[in-house]
2 protein chains.
Amino acid sequence: MKTVESKAGTEGDFSFDVYEKKFKALADELRLKIMYELNQKGQLCVCDLTELVGLPQSKLSYHLKILHDAGFIQREKKGTWNYYQLNDPEVKAILSPELCCIFYPGQ
Amino acid sequence: MKTVESKAGTEGDFSFDVYEKKFKALADELRLKIMYELNQKGQLCVCDLTELVGLPQSKLSYHLKILHDAGFIQREKKGTWNYYQLNDPEVKAILSPELCCIFYPGQ
DNA sequence: ATTATACATCAAAAAAAGTTGATATATTGT
DNA sequence: ACAATATATCAACTTTTTTTGATGTATAAT
């Protein structure tokens, strides 16, 4: 994982691409809003989010996929619904506690 | 700054754009490598970085500007040279301490 | 004063990411 | 079995970012 530390100092190819992917996922106002809403409300289905965020469904799915692929959110299927929620440990591993209650999970 | 907290819960237009800009700056392998090198070496001029990172000068300047505009690095001019270094408080305000010694400043 | 070095900036081209509307799949209710 | 709902995915298009090479500006060295 932190390939970097073992090689620290020595030049070399680290896994910056993994971090790139994670920061890319956060690098969008809409996705930050989604993270924020999930952080506030806990668990939401896509239909809830379309209303909260005011996006067409296909657009929302696109952004949810990016957050999911980056590991920041988890999906739980319940019948026809897909419920999403923050993946707290993943978020905490990347974000500063100073961002608590915006994107960073409280408690 | 954290407009979010005062309004938390109430829907509304927060300053997600500020965070978007910061995460966008981090959302690039090259720029992460630059952050890493600055974190390791402390202070570097553009010419040092071109060698460390192996980029043409104009490309490097482009990426340094993005990091600088986002507030993650500071510039100090000494004669013809521009020395860059991490802006520690800014980095710490965004990144998890778990990223210590990669991008997050040690100590 | 001229030449060389360090760096920023610019404009054009290329690549990547985001948007849109349509379609596909699965599940639930009748 | 049929209709309706929730959601994912796809392909065409638009927008944003990145790259590249050239040019400009300032400082330093001769």
Side-chain angles (χ1 to χ4, degrees), chain A residues 16-38 41-87, chain B residues 16-38 41-87:
Chain A
F16 289 128
D17 55 321
V18 176
Y19 293 109
E20 181 187 80
K21 182 172 184 177
K22 287 179 187 294
F23 289 121
K24 264 194 164 66
L26 298 170
D28 183 280
E29 227 179 320
L30 261 51
R31 293 194 291 268
L32 289 176
K33 180 111 201 267
I34 292 170
M35 296 271 288
Y36 170 74
E37 294 295 346
L38 291 175
K41 308 263 166 58
Q43 207 184 35
L44 293 168
C45 66
V46 180
C47 54
D48 292 335
L49 276 165
T50 43
E51 294 194 9
L52 274 170
V53 183
L55 294 181
Q57 178 268 316
S58 81
K59 193 168 170 179
L60 191 54
S61 273
Y62 169 76
H63 288 290
L64 285 170
K65 181 168 164 44
I66 287 174
L67 286 171
H68 187 255
D69 289 351
F72 290 126
I73 62 177
Q74 288 173 316
R75 178 167 37 214
E76 191 184 339
K77 187 161 189 176
K78 295 181 184 172
T80 319
W81 290 267
N82 271 352
Y83 283 88
Y84 285 92
Q85 63 178 59
L86 283 191
N87 185 357
Chain B
F16 289 129
D17 55 322
V18 175
Y19 292 108
E20 182 187 78
K21 180 172 183 176
K22 288 180 186 293
F23 289 122
K24 264 191 164 65
L26 297 170
D28 183 280
E29 227 178 320
L30 262 49
R31 293 194 290 268
L32 289 175
K33 179 111 200 270
I34 292 169
M35 297 270 289
Y36 171 73
E37 295 296 345
L38 291 175
K41 308 265 166 58
Q43 208 184 35
L44 293 167
C45 66
V46 180
C47 53
D48 292 335
L49 276 166
T50 43
E51 294 194 10
L52 275 170
V53 182
L55 293 181
Q57 178 266 317
S58 82
K59 193 168 169 178
L60 191 53
S61 273
Y62 168 76
H63 289 290
L64 285 170
K65 180 167 166 41
I66 288 174
L67 286 171
H68 188 255
D69 289 352
F72 290 126
I73 62 176
Q74 289 173 316
R75 179 168 36 217
E76 192 183 340
K77 185 161 188 175
K78 295 180 183 172
T80 319
W81 289 268
N82 271 352
Y83 284 89
Y84 286 92
Q85 64 178 59
L86 283 192
N87 184 358

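All values below come from the heavy atoms of this structure, side chains included, with hydrogens, waters and symmetry mates left out. Letters go in sequence order (proteins before strands), and every chain restarts at 1.
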Starting at the 5' end of nucleotides 24-30 of chain D, put B wherever the base has a protein heavy atom under 4.0 Å, S where only the sugar-phosphate does, and a dash everywhere else.
-> ---BS--

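- Taking atom CZ on Phe23(B) and atom P on dA17(C), their separation rounds to 18 Å, with Å as the unit.
- Projected onto DNA chain C by closest heavy-atom contact, Tyr84(B) and Leu30(A) fall at different nucleotides, the more 5' of which corresponds to Tyr84(B).
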Passes side-chain contact (heavy atoms from CB on, under 4.5 Å), Leu26(B) versus Lys22(B)? Steps please.
-> CA-CA 7 Å; Leu26(B) 297 170; Lys22(B) 288 180 186 293; 5.8 Å; no

Could you list the donor-acceptor pairs under 3.5 angstrom formed between side-chain atoms of residues 43-61 of chain B and any protein atom two or more places apart in sequence or on another chain?
from, atom 1, to, atom 2, distance (Å)
Gln43(B), NE2, Glu76(B), OE1, 2.9
Gln43(B), NE2, Gln85(B), OE1, 3.1
Asp48(B), OD2, Cys45(B), N, 3.4
Thr50(B), OG1, Val46(B), O, 3.4
Thr50(B), OG1, Cys47(B), O, 2.6
Gln57(B), NE2, Ser61(B), OG, 3.3

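- Residues satisfying the side chain to side chain donor-acceptor pair (under 3.5 Å) criterion with Lys65(A), sequence neighbours excluded, are Asp69(A).
- Atom CG of Asp28(B) is separated from atom C1' of dT18(D) by 8 Å (rounded to the nearest Å).
- Taking Tyr84(A) as the reference, Arg75(A) meet the side chain to side chain donor-acceptor pair (under 3.5 Å) condition, with sequence neighbours excluded.
- Residues Leu86(A) and Gln74(A) come closest through the heavy atom pair O-OE1, 3.9 Å.
- Put simply, CD on Glu29(B) is 15 Å from C1' on dT19(D), counting in whole angstrom units.
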Could you pull out the protein-nucleic contacts involving nucleotides 20-23 of chain D (nitrogen or oxygen on both sides, under 3.5 Å)?
from, atom 1, to, atom 2, distance (Å)
dT20(D), OP2, Lys59(B), NZ, 3.4
dG21(D), O6, Ser58(B), OG, 3.3

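- Protein atom CG of Asp48(B) is 10 Å distant from nucleotide atom P of dA6(C), rounded to whole Å.
- Listed by residue number, the members of residues 63-75 of chain B with any heavy atom below 4.0 angstrom from DNA chain D are His63(B), Ile66(B).
- Here Tyr83(B) does not reach the OP1 or OP2 of dC7(C): none of its side-chain N or O atoms lies under 4.0 Å away.
- The salt bridge (charged side-chain N to carboxylate O under 4.0 Å, His left out) pairs that include a residue from residues 78-87 of chain B number zero, where partners must be two or more places apart or lie in different chains.
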Expected rows: protein N/O vs nucleotides 11-16 of chain C N/O, under 3.5 Å:
none

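- The CG-C1' distance, from Leu26(A) to dA17(C), rounds to 16 Å in whole Å.
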